Amino acid sequence: MAELVLPSLKYKKSFLEAVMEPGAQELFDRFKKILDEENFDKFIEEIKDYSKGVNLKAGFVPESTFWLVEADEYIGRLSIRHELNENLLKTGGHIGYDIRPSKRGMGYGKEILHLGLEKAKELGLKKILVTCSVWNPASKKIIEANGGIFENEVVGGSGKSNVLRYWIDIK
Ligand SMILES: CC(C)(COP(=O)(O)OP(=O)(O)OC[C@H]1O[C@@H](n2cnc3c(N)ncnc32)[C@H](O)[C@@H]1OP(=O)(O)O)[C@@H](O)C(=O)NCCC(=O)NCCS
């Protein structure tokens with residue numbers, strides 16, 4: 001059974017394999033800086049810091065990250081922003097997620113958001129904004145399957161596609 005866990009060195013090999021998978025260009029670009037030994041440890045520490053609101057980059061809000069794992073294998077990542085700033089309210093939303101390419105189309109996307117909403121509740125959030133690009137039908141289905149109520153479509157930032165905004169009540 002898949003579960004959300006806190007990122008740890010235990011999943012290092014599997015996480016790095018996921019980043020290197022064909023089709024993981026987006027993941028690779030985001031995580032290439034941690035592809036060597038020393039940086040991975042630092043990466044885990046940074047994730048912990050961000051969850052406590054420590055050493056945040058300018059304009060960033062505190063964010064908790066969880067990894068979806070099954071039988072010690074890394075499947076995907078979900079981050080929960082503890083509050084919304086102007087950009088997050090407009091297009092980013094509270095929750096971001098991705099599933100490693102080799103595990104897509106198997107229901108893990110729906111599961112990671114379902115489990116993520118429980119974590120968001122534990123963090124004290126009551127109403128969650130989740131967004132996706134208009135060209136992302138999989139993410140749209142994931143949000144709707146998890147109770148997302150469509151609010152509107154807005155123009156994405158700096159040349160990006162339009163964004164669909166949904167709210168999920170988790171009280
Ligand atoms: C979007 C993403 C998380 C989907 O994960 P997933 O594990 O493939 O999702 P699921 O298997 O739960 O599928 C959810 C639904 O989308 C459908 N789907 C999956 N991939 C699809 C695709 N490429 N095109 C159209 N529909 C797709 C599934 O058939 C399923 O539909 P159903 O409800 O009719 O059964 C994954 O593709 C990903 O990580 N993409 C890159 C990052 C990203 O876009 N994150 C979301 C940001 S908002």
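Both ligands and their constituent atoms are indexed starting at 1 by order of listing. Treat the numbers as computed from the prediction; the structure is a model and nothing was measured.
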Report yes or no: is the cationic atom of Lys12 (NZ for Lys, CZ for Arg) under 6.0 Å from the centre of the six-membered ring of Phe15, at an angle within 45° of the ring normal?
-> no
Which parts of the protein, at residue level, reach under 4.0 Å of ligand 1 through a heavy atom?
-> Glu26, Tyr97, Asp98, Ile99, Arg104, Gly105, Met106, Gly107, Tyr108, Gly109, Lys110, Thr131, Cys132, Asn136, Pro137, Ala138, Ser139, Lys141, Ile142
With salt bridge (charged side-chain N to carboxylate O under 4.0 Å, His left out) as the test, would you mind laying out the steps for Asp72 and Lys10 before giving the verdict?
-> CA-CA 8 Å; Asp72 287 349; Lys10 180 178 170 187; 3.4 Å; yes
Got Leu117 and Asn146 here, is their nearest side-chain heavy-atom distance under 4.5 Å?
-> yes
Which residue pairs satisfy the ring-ring contact (aromatic ring centres under 6.0 Å, His included) criterion with at least one member in residues 112-156, sequence neighbours excluded?
-> Phe150-Tyr166
Is the shortest distance from a Lys or Arg side-chain nitrogen in Glu73 or Lys103 to a carboxylate oxygen in the other one below 4.0 Å?
-> yes
With ring centroids as reference points, do Tyr97 and Phe66 lie under 6.0 angstrom apart?
-> no
